[in-house]
Amino acid sequence: MIPKMKLKSVISCVLAAATLVGCTTTAEFINDNQPSAALAAQNRGRFELSCSEVSTTLLNSKTIDLYTRQIPEYQFGVSGCDKKEIYTVTCNPDSGCMAYHNKDQVLDEVDDSGVPAISYVNESIN
């Protein structure tokens, strides 16, 4: 039989180890999903640009709140066959990564934190 004090110590160590294994930083979370996101942007670009050879450039990445969970969001520039497009890609563990077209968004200057700011082309001017 294991003494009560020793059992509490073992359980505490197991719980602490499980907690540390399950934790990832935001950077790790974004980096882990980036290859799948890039592939989603490439596939969308190949179709929309009617071009089999495309390249992607990561323009921006962050996490966003979607309902009760945080998911990674990326912005990729895709170019090929003398054409360019920008896609926003979101990934979630249930359905994978989806690339969305940014026809109404353009990248502006980089803000104070070093992140490209986005403005909408169809914004009305007052």
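As a basis for the values below, the full set of heavy atoms in this structure was taken, side chains included, without hydrogen atoms, waters or symmetry mates.
If you take CZ on Phe76 and OG on Ser61, they are separated by 8.0 Å, rounding to the nearest 0.5 Å. One finds the CG atom of Asn33 at 9.5 Å from the CG atom of Asn92 (value rounded to the nearest 0.5 Å). From Leu58, atom CG reaches atom CD of Gln34 across 4.5 Å, with rounding to the nearest 0.5 Å.
Minimum interatomic distance between Thr56 and Ala41 (heavy atoms only, all atoms of both residues): CG2-CB, 4.5 Å. Smallest separation of non-hydrogen atoms from Val89 and Ala40: CG1-CB, 4.2 Å.
Scanning for side chain to side chain contact (heavy atoms under 4.5 Å, CB included) contacts around Tyr100 gives Thr90, Met98, with sequence neighbours left out. By the side chain to side chain contact (heavy atoms under 4.5 Å, CB included) test, Cys81 pairs with Cys51, sequence neighbours left out. Tyr74 meets the side-chain hydrogen bond (donor to acceptor under 3.5 Å, both in side chains) test with no other residue; sequence neighbours excluded. Residues satisfying the side chain to side chain contact (heavy atoms under 4.5 Å, CB included) test with Ser36, not counting sequence neighbours, are Cys97. Scored by the side-chain hydrogen bond (donor to acceptor under 3.5 Å, both in side chains) test, Asn43 finds Arg46 as partners (sequence neighbours excluded). Not a single side-chain hydrogen bond (donor to acceptor under 3.5 Å, both in side chains) links Thr63 to another residue, sequence neighbours left out. Not a single side-chain hydrogen bond (donor to acceptor under 3.5 Å, both in side chains) links Thr57 to another residue, sequence neighbours left out.
Listed by first and then second residue, the salt bridge (charged side-chain N to carboxylate O under 4.0 Å, His left out) pairs that reach into residues 49-61 come to none, sequence neighbours excluded. The ring pair (Phe, Tyr, Trp, His ring centres under 6.0 Å) contacts involving residues 46-71 comprise nothing, where partners must be two or more places apart or lie in separate chains.
Of the candidates Gln75, Arg44, Glu48, His101, Glu48 is the only one forming a side chain to side chain donor-acceptor pair (under 3.5 Å) with Tyr87. The side chain to side chain contact (heavy atoms under 4.5 Å, CB included) with Val54 is formed by just one residue from the set Glu85, Gln42, Lys84; it is Gln42.
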